[in-house]
Protein chains: 2
Amino acid sequence: MLSKKSQYAFKALAYLTEKYNQGPVLISEISKKKKVPLKFLENILLELKKADILDSKKGKGGGYFLKKDPAKVKVATIIRLVNGPIAMLPCVSLYFYERCKNCDEKKCGLHDMMIEVRDASLAILENRTLKDLAL
Amino acid sequence: MLSKKSQYAFKALAYLTEKYNQGPVLISEISKKKKVPLKFLENILLELKKADILDSKKGKGGGYFLKKDPAKVKVATIIRLVNGPIAMLPCVSLYFYERCKNCDEKKCGLHDMMIEVRDASLAILENRTLKDLAL
DNA sequence: TGATTCCCTACCAAGCTGGTAGACTTAAAG
DNA sequence: CTTTAAGTCTACCAGCTTGGTAGGGAATCA
C-alpha cells in the first residue's frame, strides 16, 4: 500500500499540475485545497524539490511549482521516490534490488511470479504521468 | 513489498507442497530446510492453520500439512491473509476497501490508475496457486 | 508416565509512520 | 534598509508495526 505521505504527494502534484505555468503556489494554499496537514506537506514538497521534481521561490509571491512539463514526469518515478520499491520482493526490484539469501532465484517459483506482477504494474505506472492525475 | 513473514510463509508452503500427501512435517524440519527462525515460523504456521490453509497433528509423528490440494490454494489468498491488501490504495481494494476522505473517487486520476494496477496484479495472483511455487 | 510435538500468552528492541514546533534564511515591497 | 512573506532546516514525539524470543501448557503416542 502507498503511505499517507505518497498519497499527499500525489494530491499536491495533481494540484500543481492544474496550476502549471501559472506561477508559484503557496504551501498553505495546497494544504487548504487538498486537505493535507501543513507542516507535513512542507516536508514532502521539500523532498520533491530536492529530487528535482519541483522548484520553489522564497519571499512574497513565492511558492512551489513543477520544474518540468507534467506530461514528462512518470508516476512510477514519484512512487519510487516517495514510497520506495514497486516490486513485491527485493529480489525482483529493478531500482532497489537485493539478493535474497537462502533462495536460488533460478528455481524459485515465487520469484518468477513476482517478476510478472512487477512487469504488469510497470506497464501501467511507467506510462502514466502527472498529467493523467488531473481529472 | 511483502513482509518477511509473508516470504517465510511462502517458503514454508512451498516445502509443504513438495511434501503433500506424505504425512505431517515437523516445524523444526521446515525451519531447518528453509532457514526460517523456528519460533517465528511457529506463529506463522499456527496462523495459517487458523485460516484453514494448514492442519496439524500433535505428539509423536505429528507436524503440519496442507489441508487442501495445493493446486486449489491461490497465491492471492495467502498474500491477503498474511500480508494484507494487494491494491496500492485502500479506496481500490476489493477485500480491504476504505473510502478515501477529501477525494471524489469518480474524478480522481490516481484512483483509476490504481484500479488498473490492481487488476493487472490480480490477473496473475488469482490464477497462480501453491503448486506454482514449487520448482 | 514420559517423551514428543504443537499451542498459547507474553514480552521486547528497533524502526517506521505520521505528524508537530520553532527558529532561520532568503527575497520582495515599501 | 526594514518589514514581512515566504520557504528551509533541525529537532522532536507518540504510536504502531516488524521481526523476532521465552517459556510454559496441552494433546498425543508409546
Side-chain angles (χ1 to χ4, degrees), chain A residues 1-12 16 23-32 34-67 81-85 88-90 96 98 100-102, chain B residues 1-12 16 23-32 34-67 79 81-85 88-90 96 100-102:
Chain A
M1 300 268 288
L2 295 180
S3 61
K4 283 274 179 194
K5 187 177 166 185
S6 305
Q7 296 177 48
Y8 290 158
F10 278 118
K11 284 191 180 195
L16 290 173
V25 182
L26 294 181
I27 303 180
S28 57
E29 182 184 337
I30 305 174
S31 168
K32 255 184 218 160
K34 290 297 189 173
K35 317 268 189 195
V36 177
L38 180 70
K39 296 297 280 181
F40 197 13
L41 183 58
E42 271 187 23
N43 300 334
I44 296 169
L45 295 178
L46 193 53
E47 198 176 322
L48 289 171
K49 180 190 172 177
K50 285 179 179 161
D52 232 42
I53 305 295
L54 298 181
D55 207 347
S56 66
K57 230 187 132 211
K58 289 183 182 176
K60 188 156 193 178
Y64 276 97
F65 49 95
L66 285 166
K67 198 165 181 179
L81 195 65
V82 183
N83 206 74
M88 298 188 95
L89 290 176
F96 299 83
E98 276 177 66
C100 48
K101 7 182 185 307
N102 316 317
Chain B
M1 300 267 288
L2 295 179
S3 62
K4 283 273 180 194
K5 187 176 165 187
S6 304
Q7 296 177 47
Y8 290 159
F10 279 118
K11 284 191 180 196
L16 290 173
V25 182
L26 293 181
I27 303 180
S28 55
E29 181 183 337
I30 305 174
S31 168
K32 256 185 217 159
K34 290 296 189 173
K35 316 269 189 193
V36 176
L38 180 70
K39 296 297 279 180
F40 198 14
L41 183 58
E42 268 187 25
N43 299 335
I44 296 168
L45 295 179
L46 192 53
E47 199 176 322
L48 289 171
K49 179 187 173 178
K50 285 177 180 164
D52 233 45
I53 306 293
L54 299 180
D55 207 348
S56 66
K57 232 188 130 207
K58 288 181 183 177
K60 188 159 195 175
Y64 275 99
F65 49 95
L66 285 166
K67 198 165 180 179
I79 293 182
L81 195 64
V82 184
N83 207 74
M88 298 188 95
L89 290 177
F96 299 83
C100 46
K101 5 183 187 305
N102 317 319

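All figures in this text were calculated on a predicted structure; none of them were measured in a lab. Residue numbering restarts at 1 for every chain, and letters A, B, ... go by the order of the sequence lines.
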Picking from C:dT20, D:dC9, D:dG20, the nucleotide nearest the side-chain atoms of A:Leu46 would be D:dC9

Rounding to 0.5 Å, atoms CG (B:Leu2) and CG (B:Asn83) come to a distance of 4.5 Å

Rounded to the nearest 0.5 angstrom, the CG-NZ distance for A:Leu81 and A:Lys50 is 12.0 Å

Measure all distances between protein nitrogen or oxygen atoms and nitrogen or oxygen atoms of nucleotides 12-19 of chain D, and list the pairs falling under 3.5 Å.
| residue | atom | partner | partner atom | Å |
| --- | --- | --- | --- | --- |
| D:dG19 | OP2 | B:Lys4 | N | 3.2 |

When rounded to whole Å, the NZ to C1' distance for the pair B:Lys49 and C:dT5 reads 12 Å

Applying a 4.0 Å non-hydrogen cut-off, can you work out what A:Leu45 is touching in the nucleic acid: base, sugar-phosphate, or nothing? nothing

Per-nucleotide protein contact along nucleotides 24-30 of chain D, 5' to 3', at a 4.0 Å heavy-atom cut-off (B base, S sugar-phosphate only, - neither), is ---SBS-

How far apart are the C-alpha atoms of B:Asp55 and B:Tyr64, what are their side-chain angles, what is the distance that settles it, and do they pass the side chain to side chain contact (heavy atoms under 4.5 Å, CB included) test? CA-CA 6 Å; B:Asp55 207 348; B:Tyr64 275 99; over 6 Å; no

Rounded to the nearest 0.5 Å, the CD atom of A:Gln7 sits from the CE atom of B:Met88 at a distance of 10.5 Å

Separation of C:dA27 atom P from A:Asp55 atom CG, nearest Å, is 12 Å

Atom CG of A:Asn43 and atom P of C:dA21 are separated, to the nearest Å, by 13 Å

Presence of A:Lys50 side-chain N/O under 4.0 Å of D:dG7 phosphate oxygens OP1/OP2 = no

Residue pairs passing the salt bridge (charged side-chain N to carboxylate O under 4.0 Å, His left out) test with at least one member in residues 36-49 of chain A, sequence neighbours excluded, are A:Lys5-A:Glu47, A:Lys39-A:Glu42

Discussion item. Please evaluate residues B:Ile79 and B:Phe10 with respect to the criterion side chain to side chain contact (heavy atoms under 4.5 Å, CB included), reporting the C-alpha separation (whole Å), side-chain torsions for both, the decisive distance (0.1 Å), and the verdict.
Written reply: CA-CA 9 Å; B:Ile79 293 182; B:Phe10 279 118; 3.7 Å; yes

A:Glu47 atom CD is separated from C:dG19 atom P, nearest whole Å, by 15 Å

Q: Determine, stepwise, if the pair B:Leu48 / B:Val82 fulfils side chain to side chain contact (heavy atoms under 4.5 Å, CB included).
A: CA-CA 8 Å; B:Leu48 289 171; B:Val82 184; 4.1 Å; yes

Rounded to whole Å, CE of B:Met1 lies from C1' of C:dT17 at a distance of 17 Å

Tightest non-hydrogen contact, residues A:Leu41 and A:Ile27, listed as CD2-O, 3.7 Å

**Asked** If you look at every strand shown and take non-hydrogen atoms under 4.0 Å, does A:Leu38 touch a base, only sugar-phosphate, or nothing?
**Response** nothing

For a quick check under 3.5 Å, do A:Ser28 and A:Ser31 share a side-chain donor-acceptor pair by atom type?
no

Rounded to whole Å, CD1 of A:Ile44 lies from P of C:dT17 at a distance of 12 Å

From CG of A:Leu41 across to P of C:dA21 the rounded distance in Å is 16 Å

